[in-house]
J.: 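Mind looking over this structure? Questions follow.
Order of the sequence lines fixes the chain letters, A, B, ..., with proteins taken first and strands second; residue numbering starts at 1 for each chain.
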Amino acid sequence: MSLVITDLCVDHGAIRAINGVSFSVSTGQLAAVVGSNGAGKTTLLRTLSGLNKATAGNAHWKSTNLLQAKPEKLVRKGLSHVSEGKSVIPELSVAENLDLGALWRRNKKESAQSKEAILSNFPRLGERLGQRADTLSGGERQMLAIGRSLMSKPELLLLDEPSLGLAPLVIEQIFQSIRDLTTSMGLTVLLVEQNAIGALKIADIGIVLNLGKVAIAGPAQTLIADPAVRAAYLGY
Amino acid sequence: MMKLFNTILIGITSGSIYSLMAIAIVLVWRSTRVINFAQAGLALASSFVGFEVLTRTGSFWIALPVALLAGAGMSAFIEYFFLRPLLKRSGDESQEIFLPIIATLGLLGVIKAILSFIYGDQNGTISPPVSDKDFIVGANSISMSPMRVLILIVVIVLVSSITWLFQKTSIGLALRASSYSPEISRLAGVRVDLIRTCGWAISGAAGSAAGMLQTANGSGSLSPDSLEFSLLLVFGFVAAVIGGLESLLGAVLGGITLGIFISFVLMYVSGSLVFISAFLILLLVLYVRPQGIIGKKVGRRA
């Protein structure tokens, strides 16, 4: 197991947003964390990437303690977090948004190779390198956000609601890219989604969060197939 | 006709110095959302450093870069040891708005007091490194001297270097990204705290250049409770607001606009109205175009 979370608790003021969450993800797996609004999905990711402080518990990525370090340090340890709502900087150009993810990397030749690889995965970004990011469509922005995080050469990718506000067809493309990237780059991915079915379809394992607790976890296909899980947590 | 031409020339020269001060204010505002009123104190202190170097070496060309470095160092020092802990400890949002204002105003007082303690009633002098006699064309003297040409060249070189730094280098990209979105920048691996200190350092250098040039261009005399530097702060601030507080180009345009406006008041109305007229143009801009002359109409980003 490479990402191990045990008894994690996170408070938002007086409210306990995450209440004793434990699960683990193996290297190379795509894990979907699903659940309704307010289940604590975003808080979970923000805590793992160092943006929010945990109240109790443990979270490790391989030998790195995720609860003790700042976000900019964790990036250097191979963790990259694409935050909610198309995490790009609208005032910067597409190329600048991509470069931003690799500023900390010393080896400029390697960064250039990463950029080439990303542009071949998302050719539409290549056509728009000089444009400001706010001229992109929603789907393109999401591709840019993922591309930017890949520029940091991550091993563990945290994705927060990449489907948010996108058209169904575009969602399908984004999900497919996430699946392909996980496999081709050997990434470990924690994908937080409200679009539970879409996420579970591409995931290896699924974790259903409900009111800050793990309601049920298991192989993604099993969760989708279980009528009781579907009725109680997946909304149909 | 000659008078009009000269008025504009004077305005451009003094305006270019206000531009430097405006850039200093804009850089700090963009990196930390703080209006640094201590900027006048920093400019004053680093001009005194320049004066000391000038007395020992006799060369303005050594004194100017040393003053710039001193300004950068002091500004970074203040951000790191003073503002950063203060902002980290301030609780709610209303405190975050007020604390830096009071703090930087207090700092201005502290810096002036320290300088008074060291220099007492003694004044420093920074005399112009080249002639400040106006050029004569035909029968007319035009309000442009070798010194004024030099000021314009120094300002153009500094503004172009800062622009180049911001647009073409990695540190510039980090500076811009951190000011637009600190959170995304941190997630991308940018050490935002360190980058903010860099922003303050560049700002300190720009401010001290304004101080050095203003002193050499004006009376040449430097005193710890200099009115000239208070005016420089006010004009720099007004120029920054006219330019929209967010962009370097805006700061430059704001500075030149204000310089020409003040020069017209000085030449055609009355010298005693200069200070008031600066506030008038500030009010006018805030009424007509609150986002500044080149700012876009957007609310403040969180």
J.: Does a side-chain heavy-atom distance below 4.5 Å link Tyr180(B) with Leu92(A)?
T.: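 Touching, per the 4.5 Å side-chain cut-off.
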
J.: Any chance NZ of Lys108(A) has more than 12 other-residue heavy atoms, nucleotides or ligands included, within less than 6.0 Å?
T.: yes

J.: If you compare all heavy atoms of Gly189(B) against all heavy atoms of Arg76(A), which two are closest, and at what distance to 0.1 Å?
T.: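 Residues Gly189(B) and Arg76(A), closest heavy atoms: O-NH1, 2.9 Å.
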
J.: Are Arg186(B) and Leu74(A) side-chain neighbours, meaning at least one heavy-atom pair lies under 4.5 Å?
T.: no

J.: So what's closer than 4.5 Å to chain B heavy atoms on Asp99(A): side chain, backbone, both or neither?
T.: both

J.: To the nearest 0.5 Å, what is the distance between CG on Leu100(A) and CG on Leu173(B)?
T.: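 Between Leu100(A) CG and Leu173(B) CG, I get 5.5 Å after rounding to 0.5 Å.
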
J.: Enter the distance from Asn97(A):CG to Ile184(B):CD1 here, rounded to the nearest 0.5 Å.
T.: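 It is 7.5 Å, given to the nearest 0.5 Å.
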
J.: For the CZ atom on Phe166(B), are there more than 12 heavy atoms of other groups (residues, nucleotides or ligands in this structure) within a distance under 6.0 Å?
T.: yes

J.: With a 4.5 angstrom heavy-atom cut-off, is it the side chain or the backbone of Val82(A) that approaches chain B, or both, or neither?
T.: neither

J.: Answer yes or no: does atom NZ of Lys62(A) have more than 12 heavy-atom neighbours from other residues, nucleotides or ligands under 6.0 Å?
T.: yes

J.: Check this for me: Lys53(A), atom NZ, are more than 12 non-hydrogen atoms of other residues, nucleotides or ligands nearer than 6.0 Å?
T.: yes

J.: Is Ser149(A) in contact with chain B via its backbone, its side chain, both, or neither, using a 4.5 Å heavy-atom distance?
T.: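 No part of Ser149(A) comes within 4.5 Å of chain B.
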
J.: Assess whether a salt bridge exists between Glu72(A) and Arg191(B), defined as any Lys/Arg side-chain N lying under 4.0 Å from an Asp/Glu carboxylate O.
T.: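 Answer for the salt bridge query: no.
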
J.: Heavy-atom pairs under 4.5 Å with chain B are the metric here; pick the option from Ser80(A), Gly50(A), Ser87(A) that has the most.
T.: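 Top count of heavy-atom pairs under 4.5 Å with chain B: Ser87(A).
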
J.: How many angstroms lie between atom CD of Glu91(A) and atom CZ of Arg176(B), to the nearest 0.5 angstrom?
T.: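 Atom-to-atom, Glu91(A):CD and Arg176(B):CZ are 10.5 Å apart.
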
J.: Quick check for you: to the nearest 0.5 Å, what is the distance between Leu187(B) atom CG and Arg46(A) atom CZ?
T.: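 Going from CG on Leu187(B) over to CZ on Arg46(A), the span is 8.0 Å.
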
J.: State the CZ-OG distance between Arg105(A) and Ser170(B), to the nearest 0.5 angstrom.
T.: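 So the CZ of Arg105(A) and the OG of Ser170(B) are separated by 13.0 Å.
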
J.: Quick one: closest heavy-atom pair of Ser152(A) and Ala188(B), and the distance?
T.: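 Reported closest heavy-atom pair: OG-O, 4.0 Å.
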
J.: Distance from Glu183(B) atom CD to Ser49(A) atom OG, nearest 0.5 Å?
T.: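 Going from CD on Glu183(B) over to OG on Ser49(A), the span is 8.0 Å.
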
